[in-house]
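Read the numbers this way: they start at 1 and go in the same order the structure lists the ligands and their atoms. Because the structure is predicted, anything quoted here is derived from the model rather than measured.
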Amino acid sequence: MQVIVTPDPGAAFQQAASIIAGEIRSNPSPVLGLATGRTMEGIYSLLVQDHLQNGLDFSTTTSFNLDEYVGLPVSSPQSYRHYMNDHLFAHVNMRADHVHVPDGLAEDLNAECQAYEQAIYDAGGIGLQLLGIGETGHIGFNEPPSPFDSRTRQVTLHPVTRRQNAGMFGGDANKVPEKALTMGVDTILDARHLLLVACGRSKADIIARALLDTVTPDVSASALRLHPHCTVILDTAAARVWQERSALVS
Ligand code: GLP
């Protein structure tokens with residue numbers, strides 16, 4: 001695992017965007033795993049800029065999003081499909097049939113999850129998977145405890161996550177859906193390169209737990225330490241507890 005600490009969130013977004021753009025430029029048919037959340041907005045904005053200014057070409061890129069709320073229509077600004085359209089898909093030249101977000105309105109959610117796994121497999125697997133981290137230590141929506149052999153499935157969101165994500169729902173955690181579909185921990189670990197980005201003081205404690213404490217299903221992000229090619233990009237605020245604790249150990 002490579003951990004990169006940047007002076008501020010802007011520099012973290014730059015580093016992440018340049019790794020993603022590198023994957024797109026160097027691979028004739030890149031398959032990206034994409035994430036949502038506030039952290040990702042700065043990264044997508046840089047990718048859109050790269051497309052508009054330098055012609056970064058998304059026409060052969062396929063993408064799979066990590067997760068989606070259950071029960072929200074695409075037209076709802078809170079749905080992750082809507083978020084992705086808003087921040088990336090509407091601004092770059094990705095083909096509509098190359099873009100995948102789990103369908104949280106599917107009649108048969110189990111069948112939807114299985115079809116999602118199959119689509120990832122059929123695309124040749126994910127080359128680069130972008131990840132954020134929730135305050136519960138989740139990657140995707142793999143709330144504690146999430147078995148490390150879990151695959152795409154329906155999950156119940158942790159109250160801490162519903163509070164963390166309430167901003168998009170007028171600040172009311174009760175309005176955040178209780179259920180979501182998410183790639184499993186094992187689905188995520190199947191990607192060839194993992195890229196976790198975390199910024200801000202609110203992520204510092206969970207980052208230290210994920211990077212230093214026991215590898216456990218109680219902190220999904222700790223599973224990243226089992227992966228042979230994982231890059232973690234942190235700003236100084238998110239890195240602080242990890243750095244303090246690492247200094248005490250060494
Ligand atoms: C949501 C997503 C996660 C993401 C997290 C971080 O919960 N399901 O995949 O990691 O948000 O969000 P933020 O970047 O807003 O802190």
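Every atom of ligand 1 with a heavy atom of Gly132 under 4.0 Å away is listed here by number and element: 10 (O). In the vicinity of Thr39, heavy-atom distances shorter than 4.0 Å reach the ligand 1 atoms 13 (P), 14 (O), 16 (O).
The environment of CD in Glu178 is sparse: at most 12 heavy-atom neighbours from other residues, nucleotides or ligands sit within 6.0 Å. Open room surrounds CZ on Arg209; 12 or fewer heavy atoms of other groups in view lie less than 6.0 Å from it.
A distance-only check finds a donor-acceptor pair linking the side chain of His227 to the backbone of Leu189 [under 3.5 Å]. The main-chain N or O of Thr216 is found under 3.5 Å from a side-chain atom of Ser222 such that the two form a donor-acceptor pair.
In this structure, His138 counts as a contact residue of ligand 1, since one of its heavy atoms falls inside 4.0 Å of the ligand. At a 4.0 Å cut-off, at least one heavy atom of Lys203 sits close enough to ligand 1 to count as contact. By the 4.0 Å heavy-atom criterion, Ala35 is excluded from the residues contacting ligand 1.
At least one side-chain heavy atom of Leu34 sits under 4.5 Å from a side-chain heavy atom of Phe89.
A salt bridge is absent between Arg163 and Asp172: the closest approach of a Lys/Arg side-chain nitrogen to an acidic carboxylate oxygen does not fall below 4.0 angstrom.
Looking at atom 3 (C) of ligand 1, its nearest protein heavy atom turns out to be Gly140 O, 3.5 Å. Residue, atom and distance of the protein heavy atom nearest to atom 1 (C) of ligand 1 are Tyr80 OH, 3.4 Å.
The backbone of Ile133, and not its side chain, has at least one atom closer than 4.0 Å to an atom of ligand 1 (non-hydrogen atoms only; backbone = N, CA, C, O). When heavy-atom distances to ligand 1 are checked against a 4.0 Å cut-off, Asp67 comes that close only through its side chain, counted from C-beta outward.
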* To do: Let me see the working for His91 and His51 under side chain to side chain contact (heavy atoms under 4.5 Å, CB included), right down to the final yes or no.
  => CA-CA 8 Å; His91 311 289; His51 170 69; over 6 Å; no

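Considering both main-chain and side-chain atoms, Thr36 never comes within under 3.5 Å of ligand 1 through any nitrogen or oxygen pair.
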